[in-house]
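Report on the structure given below.
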Amino acid sequence: MSDWDLLNRFSRVRLVKGPTPIQRLDRLEQVLGESRRGVSIWAKRDDLMELGGGGNKLRKLEFLIGEARSKGCDTLVVTGGVQSNFARLAAAACARTGLACEVVLAQMVPRGTEIYQANGNVLLDWIFGARVHLLGTGDDASAFATARASEIAAAGGKAFVGTLGGSTPVGALGYVDCAFEIAAQSTEIGIAFDHVVIPNGSGGMHAGLAVGDALVGKNPSRIKAYTVLSPAEKCVAARWRRSMRSSTSSGRKTAFERRSWR
């Protein structure tokens, strides 16, 4: 059984066309000069994806939407910050696959301007056909998403709730797949990468790459993740709390002050 055969056990909807390229960053190496100490620098171009403006969350959404469909869901409810890339790509992926989409956007940074609150990714969420719930400061996006799923169920629908950044065990499978891609491409170009350097927001990409590296016989410690959401200690504690909380758990309907657009 090949590594990719392992992933065939899971429901999946293809959103990414073929392996994304790995390119050497020659100009960056030139600019860094001797300070790079002979290190060659390459980039896995997960920004070069056709759907919704591209980005790493599409890999997670392949498996998240696959799981939603396998459970007979007709609506995907996702959470994120106001300018969430995950929400944008969830809205685009739902438009492509025929699911209804609702995005629950929390106030994660202190920016209250109308441009920030209603432009950029928020505008794209709306253009892609998602229903946008813009929460107030201090509102709990996860609780709201769970309550909204209950409302959808009461109206005869069935919602699948995707957590912040799509970072669930199922969502992380997208980056298990990416680790397989990197291993195959490394062989093709004849380069054994010593380190894989990534940003770590909600943790799903890191988790998936670590599992994938272990499966292909690489040492997961070569992955160097740098937190971009909050200090490292806080991130680790938050990951632990989320891992203990089921994304499908039910809760009482909670009232929130918010704005919603269809």
Side-chain angles (χ1 to χ4, degrees), residues 1-16 44 46 55-73 75-80 84-87 89-90 93-94 97 99 101 103-104 140-143 145-146 149 158-183 196 198-223 225 227-230 232 234-251:
M1 178 182 292
S2 71
D3 294 323
W4 271 285
D5 287 335
L6 295 172
L7 294 177
N8 290 335
R9 301 177 182 180
F10 300 90
S11 298
R12 184 178 189 178
V13 174
R14 293 284 183 175
L15 301 170
V16 180
K44 176 70 167 161
D46 272 12
N56 70 327
K57 304 302 189 295
L58 282 176
R59 290 188 184 272
K60 299 178 182 179
L61 284 161
E62 288 194 331
F63 290 94
L64 291 170
I65 290 180
E67 184 182 23
R69 279 188 160 183
S70 71
K71 292 181 175 180
C73 297
T75 304
L76 180 66
V77 181
V78 300
T79 63
S84 168
N85 292 324
F86 176 57
L89 288 172
C94 285
T97 58
L99 286 177
C101 183
V103 299
V104 182
D140 187 327
S142 295
T146 300
K158 187 174 182 181
F160 181 88
V161 178
T163 59
L164 181 69
S167 291
T168 67
V170 169
L173 292 172
Y175 270 86
V176 174
D177 187 50
C178 185
F180 296 166
E181 277 188 19
I182 293 171
V196 177
I198 61 170
N200 189 324
S202 53
M205 179 167 64
H206 190 180
L209 287 173
V211 171
D213 263 9
L215 288 172
V216 298
K218 302 294 183 182
N219 187 345
S221 67
R222 73 172 180 160
I223 302 168
T227 178
V228 295
L229 192 59
S230 56
K234 185 177 179 180
C235 278
V236 171
R239 304 294 180 274
W240 176 255
R241 287 195 299 273
R242 278 205 298 274
S243 70
M244 296 294 102
R245 189 189 310 141
S246 170
S247 63
T248 58
S249 62
S250 59

Sidechain-backbone polar pair: Lys71 side chain, Lys158 backbone, donor-acceptor under 3.5 Å: no
Test your reading of the model: is there a side-chain donor-acceptor pair from Glu62 to the backbone of Gly174, 3.5 Å cut-off? no
Quick one: pull up [atom1] in [X] and [atom2] in [Y] and give me the separation to the nearest 0.5 Å.
X	Y	atom1	atom2	result
Lys218	Ile223	NZ	CD1	12.0 Å
Asp177	Phe10	CG	CZ	12.0 Å
Leu89	Cys94	CG	SG	11.0 Å
Asp46	Asn56	CG	CG	6.5 Å

What is the minimum heavy-atom distance between [X] and [Y], and which atoms define it?
X	Y	value
Val216	Phe180	CG1-CD2, 3.5 Å
Lys60	Ser167	NZ-OG, 3.1 Å
Asp213	Ala179	N-CB, 3.8 Å
Ser11	Ser70	OG-CB, 3.4 Å
Leu164	Gly80	CD1-CA, 3.7 Å
Ala93	Leu15	CB-CD1, 3.8 Å

Check the pair Phe160, Leu64 against side chain to side chain contact (heavy atoms under 4.5 Å, CB included), reporting the backbone distance first and the verdict last. CA-CA 9 Å; Phe160 181 88; Leu64 291 170; 4.2 Å; yes
Would you check, one step at a time, whether the test side chain to side chain contact (heavy atoms under 4.5 Å, CB included) holds for Ser142 with Thr163? CA-CA 7 Å; Ser142 295; Thr163 59; 6.0 Å; no
Walk me through whether Leu61 and Leu76 qualify under side chain to side chain contact (heavy atoms under 4.5 Å, CB included). CA-CA 10 Å; Leu61 284 161; Leu76 180 66; 4.2 Å; yes
Tell me, please, which residues at least two apart from Val211 pass side-chain contact (heavy atoms from CB on, under 4.5 Å). Val176, Leu215
So Ser84 and Val103, side chain to side chain contact (heavy atoms under 4.5 Å, CB included) or not? Walk me through it. CA-CA 9 Å; Ser84 168; Val103 299; over 6 Å; no
pair Glu67-Cys73: side-chain heavy atoms closer than 4.5 Å: no
Is there a side-chain contact between Arg69 and Thr97 (heavy atoms, below 4.5 Å)? yes
Going by salt bridge (charged side-chain N to carboxylate O under 4.0 Å, His left out), name the residues that satisfy it together with Lys44, two or more places apart in sequence or in a different chain. Glu181
Residue set satisfying side chain to side chain donor-acceptor pair (under 3.5 Å) with Lys57, at least two apart, ordered chain then number -> none
